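What you are looking at is a predicted structure, and each value in this text was computed from that prediction instead of being measured. Whatever order the structure lists ligands and atoms in, that order sets their numbers, starting from 1.
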Amino acid sequence: MASAVPAMLAELRERYVDQLIAGDAADAQRLIGEALRVVPVATVYHALLAESLYEIGRRWARGEVTVAEEHLATGICEVILPDLAVRLPRSPRFRRTVIVACAPGELHALGSRIVADFLEAAGWDILHLGALTPADALAELVVARGADVVAMSATTSERLPEAEQACARLRQLPFSPLIVAGGQAFAGEREALGIGADVFVRSPEALCSALAERFPVGE
Ligand code: B12
């Protein structure tokens, strides 16, 4: 039975990619519902939704998918994300704040939305700023809301110099937040620490674990 799951997921992913490119939002939502009946919600996020967008990116790079089709696909995934978020296992709130932001100049925002949704379910208060977050605005919000953590997302390596400037701006604050970097722009920890982040993790789950260690409940 367990060995049937990868094959089933591959088949669902193929259909989902086709639906995203065709712009079939209702069919795509039905397919996600089908997947949720057989695999955990985290698998739907990673093995279905994210992997399908990676596949669309590869096809776009090969000239098999147009920019308009890529936009259609992103739009449908944006609609589906709230349906997934409400299904994440939830922990009680503990009144600590994470700001989730894309690096300045970074337009890829779906990954940061997913990170925000996982953290919210894990009990964090979330301020999700999304794409193109200017460094000064980010720093101002950290101070105004007393944020404990900034989770910064970068997808393309072109954005790393701006991400570095944003980290430097946060370091000038009297109480610098913990800065966690993640996203496809970082090949590994070296790049992330190199731009001035304190911590690098790849996945939303790893981020929740890393923060749970650093901010134990009740302290
Ligand atoms: C949709 C899309 C767009 C949309 C984005 C819309 C939106 N609202 O987000 C638009 C059309 C704007 C776009 C623009 C561009 N794009 Co684009 N895009 C994509 C595509 C197809 C999907 C992105 C996505 O949502 N992925 C799914 C999410 C869920 O995955 P994720 O971001 O990796 O996030 C996961 C993890 O990385 C992690 N994570 C992410 N952030 C963080 C942060 C922390 C703290 C942590 C812990 C974890 C974490 O958690 C997430 C969930 O697991 C990708 C393909 C790809 N490989 O992703 C190309 C892709 C990223 N784009 C690419 C390019 C080239 C561009 C453009 C430069 C094109 C152009 N010439 O204009 C511009 C750049 C714009 C800019 N300034 O940023 C290339 C990048 C190549 C490279 N390595 O540099 C890709 C890889 C396509 C390709 N195969 O060539 N794009």
Who's the nearest protein heavy-atom neighbour of atom 71 (N) of ligand 1, and how far? W60 CH2, 4.6 Å
Gap between atom CD of E120 and atom OG of S91 - 0.5 Å precision: 11.0 Å
Nearest heavy atom to atom 40 (C) of ligand 1 wins, so pick from A192, G75, P104, G183. G183
If you take the nearest heavy atom of each of L110, L207, L119, L49, which one is closest to atom 25 (O) of ligand 1? L110
One residue to check: I114. Relative to ligand 1, which of side chain, backbone, both or neither has a non-hydrogen atom less than 4.0 Å away? side chain
So if I count the atoms of ligand 1 from 1 in the order they appear, which ones are less than 4.0 Å from some heavy atom of G105? 76 (C), 77 (N), 78 (O)
How does T74 reach ligand 1, if at all, at less than 4.0 Å between non-hydrogen atoms: by side chain, backbone, both, or neither? side chain
SB check D83 R87 (cutoff 4.0 Å): no
Examine the proximity of ligand 1 to V115 and report which part, side chain or backbone, both or neither, has a heavy atom under 4.0 Å away. side chain
Residue-level breakdown please: for R159 versus ligand 1, do any non-hydrogen atoms fall below 4.0 Å on the side chain, on the backbone, on both, or on neither? side chain
Below 4.0 Å, non-hydrogen atoms only: which portion of Y45 touches ligand 1? Side chain, backbone, both or neither. neither
Atoms of ligand 1 less than 4.0 Å from A109 heavy atoms? 7 (C), 9 (O)
Would you kindly specify which portion of M152 sits under 4.0 Å from ligand 1, judged on non-hydrogen atoms: side chain, backbone, both or neither? backbone
Between S112 and H128, does the side chain to side chain donor-acceptor pair (under 3.5 Å) criterion hold? Intermediate values first, please. CA-CA 8 Å; S112 72; H128 178 239; 2.9 Å; yes
Atom 89 (N) of ligand 1: nearest protein contact (heavy atom, Å): G57 O, 3.0 Å
For F215 together with F94, are the ring centres under 6.0 Å from each other? no
Tell me whether atom 86 (C) of ligand 1 lies less than 4.0 Å from at least one protein heavy-atom position. no
Between the side chain of R13 and the main-chain N/O of A47, is any donor-acceptor distance below 3.5 Å? yes
With the threshold set strictly below 4.0 angstrom, can you tell me whether any protein non-hydrogen atom sits that near atom 47 (C) of ligand 1? yes
How does A61 reach ligand 1, if at all, at less than 4.0 Å between non-hydrogen atoms: by side chain, backbone, both, or neither? side chain
Any N or O of P204 closer than 3.5 Å to N or O of ligand 1: no
Quick one: which ligand 1 atoms are inside 4.0 Å of a heavy atom on T156? 80 (C), 84 (O)
To check you understand the geometry: which heavy-atom pair defines the closest contact between V67 and W60, and what is its length? CG2-NE1, 3.5 Å
Can you check whether H71 has an N/O within less than 3.5 Å of an N/O in ligand 1? no
For atom 13 (C) of ligand 1, state which one of E69, H108, E205 supplies the nearest heavy atom. H108
Atoms of ligand 1 under 4.0 Å from any heavy atom of E78, numbered from 1 in the order shown, are 8 (N)
Just to confirm, does any protein heavy atom lie below 4.0 Å from atom 11 (C) of ligand 1? yes
Do the side chains of R59 and E55 get close enough for a salt bridge, i.e. N-O under 4.0 angstrom? yes
Which of the numbered atoms in ligand 1 are below 4.0 angstrom from a heavy atom of H46? 53 (O)
Does any N or O in the side chain of E51 come within less than 3.5 Å of the main-chain N or O of L48, such that one atom is a donor and the other an acceptor? no
Examine S112 against ligand 1 and note whether any of their N/O atoms are separated by less than 3.5 Å. no
Is it true that atom CD of E205 has more than 12 heavy atoms of other residues, nucleotides or ligands lying nearer than 6.0 Å? yes
What I want to know is whether S153 and ligand 1 share at least one N or O pair that is separated by under 3.5 angstrom. yes
How does T155 reach ligand 1, if at all, at less than 4.0 Å between non-hydrogen atoms: by side chain, backbone, both, or neither? side chain
Name the closest protein heavy atom to atom 58 (O) of ligand 1, giving the residue it belongs to and the distance to 0.1 Å. Q184 NE2, 2.8 Å
Mark up the atoms of ligand 1 that fall under 4.0 Å of a heavy atom belonging to G182, in ascending order. 41 (N), 42 (C), 43 (C), 44 (C), 45 (C), 46 (C), 49 (C)
For side chain to side chain donor-acceptor pair (under 3.5 Å), just list the numbers for S176 and R171, CA-CA rounded to whole Å, side-chain angles, deciding distance to a tenth of an Å, and then say yes or no. CA-CA 5 Å; S176 175; R171 296 287 175 219; 3.2 Å; yes
Any protein heavy-atom neighbour for atom 83 (N) of ligand 1 (distance below 4.0 angstrom)? no
